[in-house]
Amino acid sequence: QGQLVESGGGLVQAGDSLRLSCAASRRTATNNGMGWFRQAPGKEREFVAAISWKGGSPLYADSVRGRFTISREYGKSTMVLQMNSLKPEDTAVYYCAQARSSMGSSAPSAYAYWGQGTQVTVSS
């Protein structure tokens, strides 16, 4: 099975930036779409951003569009989520996921593998 490992979470103040990374093991295909989801305490997991296997066709949730940027180098198994202008409502555990197909998706069911998550806490 594939393995995904997130890193880069932490505690920041509102308005600050964070950069999350997701590294996939060699067993994980590099020709699959990837995405980020998050889950806040007491809430369901929600879509954040996704990207295709070539690093194109980015998708964003309305709540993060214009503040977050997802990126990935073509042929690489590492994905980055640059988060700017963070807000307290961005506080959550952020999960990296690998899609079943070559494209990213906002639907959790489109993803086959998930990381363990990294905590992001934004104080006001």
Assess the residue pair Val122 and Lys87 against the criterion (side-chain contact (heavy atoms from CB on, under 4.5 Å)); give the C-alpha distance rounded to whole Å, side-chain angles, the decisive distance to 0.1 Å, and a yes or no.
CA-CA 6 Å; Val122 184; Lys87 305 176 180 180; 5.5 Å; no
Nearest 0.5 Å, please: how far is OG in Ser52 from CG in Asn31?
11.0 Å
Keeping the roles fixed (side chain from Asn32, backbone from Ser102), state whether a donor-acceptor pair exists under 3.5 Å.
no
Residues pairing under ring-ring contact (aromatic ring centres under 6.0 Å, His included) where one sits in residues 51-71, two or more places apart or in two chains, turn out to be Trp53-Tyr74
Quick check: do Ser71 and Gln82 have side-chain heavy atoms less than 4.5 Å from each other?
no
Can you see which heavy atom on Leu86 is nearest to which on Val12, and at what distance?
CD1-CG2, 3.7 Å
Would Arg38 and Glu46 satisfy side-chain contact (heavy atoms from CB on, under 4.5 Å), going step by step from the backbone distance to the final call?
CA-CA 5 Å; Arg38 67 186 182 186; Glu46 66 173 1; 2.6 Å; yes
Taking atom CG of Asp90 and atom CG of Asp16, what is their separation to the nearest 0.5 Å?
12.0 Å
Whether the side chain of Arg67 engages the backbone of Ser85 through a donor-acceptor N/O pair (distance < 3.5 Å, no angle test) should be reported.
yes
Shared-cluster residues of Leu59, by chain and number - hydrophobic side chains joined below 4.5 Å
Phe37, Phe47, Val93, Tyr95, Tyr111, Trp114
With Ser17 via side-chain hydrogen bond (donor to acceptor under 3.5 Å, both in side chains) - residues at least two apart
Asn84
Flag, side chain of Arg100 to backbone of Ser109, donor-acceptor distance under 3.5 Å:
yes
Is there a donor-acceptor contact under 3.5 Å linking the side chains of Thr91 and Glu89?
no
Exercise: identify the closest heavy-atom pair between Ala50 and Ser105
CB-N, 3.6 Å
Take Tyr94 and Met83 through the side-chain contact (heavy atoms from CB on, under 4.5 Å) test and state the conclusion after the steps.
CA-CA 12 Å; Tyr94 283 70; Met83 306 186 295; 3.9 Å; yes
Heavy-atom pair with the smallest gap, counting every atom of Ala49 and Leu81:
CB-CD1, 4.2 Å
So, does Gln39 use its side chain to make a donor-acceptor pair with the main chain of Ala92 at under 3.5 Å?
no
Does a side-chain heavy-atom distance below 4.5 Å link Leu20 with Glu6?
no
Does the pair Ile70 and Met79 meet the rule for a side-chain contact (heavy atoms from CB on, under 4.5 Å), with working shown?
CA-CA 7 Å; Ile70 189 171; Met79 175 178 65; 3.7 Å; yes
Can you tell me if Ser21 uses its side chain to pair, donor with acceptor, with the backbone of Val80 under 3.5 Å?
no
Distance-minimising heavy-atom pair for Met34 and Cys96
CE-SG, 3.8 Å
